[in-house]
Number of protein chains: 2
Amino acid sequence: MSPSKTSGFDKTRSAGYLANHMARLFAIALAEEIRPLGLAPAQFMTLLELWRKDGLTQKELVERLNVEQATMANTIARMERDGLVRRRPHPDDGRAQSILVTEKARALEEPATAAATRVNDSALNDFSQAERDQFNDLMARAIDALRSADARRKGA
Amino acid sequence: MSPSKTSGFDKTRSAGYLANHMARLFAIALAEEIRPLGLAPAQFMTLLELWRKDGLTQKELVERLNVEQATMANTIARMERDGLVRRRPHPDDGRAQSILVTEKARALEEPATAAATRVNDSALNDFSQAERDQFNDLMARAIDALRSADARRKGA
DNA sequence: CAATGATAAATAGCATGCTATGTTAATCGG
DNA sequence: CCGATTAACATAGCATGCTATTTATCATTG
């Protein structure tokens, strides 16, 4: 009869697949919204932290943004290339450096955060406030569980 | 007083940020689970379709997996390099080719889907069945909204 | 049938992410 | 104070994804 097997895995009901697809769509939407500002998604994410507290070290950015150190090193390098940040030797630690926002980047805070808000709103357009809250809660719980599992794998 | 501004953007409550973080954690977990099988996440995702229906064209895979044609072309090239698929000229269309699963890849269906199920289960460990269903529904709705917005941007 | 336009893949170039290593500076135990 | 360890960055190498462009083949139509 049917040449296809009754597969045990339906990707349209797999949280991992849905998460991946959704994240790519969010990234594309954000990229298009902030491209006119000369910003890329990872740069925006990094600036979110630097706008909040300028002069953070690379290590501090890594902790706040949940990316690997090598990833952040590359992102900072691109941001420096694009004139969004500059580096200053850290006063207390010769290994570290402070990452400082330029005037150019400081001026992007309002339009960039507005763009990100537009993206979230368009994605959650038909969600009630209760649904938005629950959605964020569910994602946060999945993140916690995945982080625990990862820590367990590494710490085992 | 405080040197930091009362920022209008809290990334821990941004669906886009949470989606990105969650998707990266899912990808890491899946990568670790299927690495012993010699599979990478995008390869697994592609095989899910080929296990269901062997001999699909690149275009058909692109439609089913929601990635760009260039992305799929590269993924297929890596899979061919790794002995997971081979290509055969398409009988009816000289431009196209059928992508066929090798025996090696066929043997991975059971262990790989089991691995993916483990990852989903560990992420949704403390979710009730109702929460899991709602989570998938909310993600599916966000995906639909983002796709509509993207289509609007491109079709405008 | 030939010119045109559409379509399937391939390729180039780049951004993000990750793991694994290397370098240099700080720290700690003796 | 010194050697060993730890810590902060930098680099190398690779996988995924995307956009834009090129190439080859169809398909349509005049």
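In the text below, chain A, chain B and the rest are named by the order of the sequence lines, each starting its count at 1.
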Between [X] and [Y] (salt bridge meaning N to carboxylate O under 4.0 Å), is one present in this structure?
X: A:D121; Y: A:R118; result: no
X: B:E80; Y: B:R86; result: no
X: A:K59; Y: A:E63; result: yes

A:L108 and its side chain to side chain contact (heavy atoms under 4.5 Å, CB included) partner, picked from A:T102, A:T113, A:L39, A:V101: A:L39

Round to the nearest Å and state the distance from [X] atom [atom1] to [N] atom [atom2].
X: A:D92; N: C:dA25; atom1: CG; atom2: P; answer: 16 Å
X: A:Q97; N: D:dA8; atom1: CD; atom2: P; answer: 12 Å
X: B:R87; N: C:dA9; atom1: CZ; atom2: P; answer: 9 Å
X: B:I76; N: C:dA10; atom1: CD1; atom2: C1'; answer: 11 Å
X: B:K59; N: D:dT25; atom1: NZ; atom2: P; answer: 19 Å
X: A:L65; N: C:dC18; atom1: CG; atom2: C1'; answer: 16 Å
X: B:L56; N: C:dA9; atom1: CG; atom2: C1'; answer: 16 Å
X: B:F26; N: C:dC18; atom1: CZ; atom2: P; answer: 16 Å

Between the side chains of [X] and [Y], is a donor N or O closer than 3.5 angstrom to an acceptor N or O?
X: A:N20; Y: A:R24; result: yes
X: A:R147; Y: A:N66; result: yes
X: A:Q58; Y: A:Q97; result: no

Out of C:dA9, D:dT11, D:dA10, whichever nucleotide has its closest atom nearest the side chain of B:A96: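 The nucleotide sitting nearest to the side chain is C:dA9.
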
Shortest side-chain distance from B:Q58, nucleotide among C:dA9, D:dA20, D:dA10: C:dA9

Would you tabulate the nitrogen or oxygen pairs shorter than 3.5 Å linking the protein to nucleotides 15-17 of chain D?
residue : atom : partner : partner atom : Å
D:dA15  : OP1  : B:R81   : NH1          : 3.4
D:dA15  : OP1  : B:R81   : NH2          : 3.1
D:dT16  : OP1  : B:P41   : N            : 3.4
D:dT16  : OP1  : B:A42   : N            : 3.3
D:dT16  : OP2  : B:R78   : NE           : 2.9
D:dT16  : OP2  : B:R78   : NH2          : 3.3

Which residue lies more 5' along DNA chain C, comparing A:Q69 with A:D93 via nearest heavy atoms: A:Q69

Residue mapping more 5' on DNA chain D - nearest nucleotide basis, A:E32 or A:T57: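 Its nearest nucleotide lies further toward 5', so the answer is A:T57.
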
hbond_proxy B:R95 side chain to C:dT7 base (donor-acceptor, 3.5 Å cutoff): yes

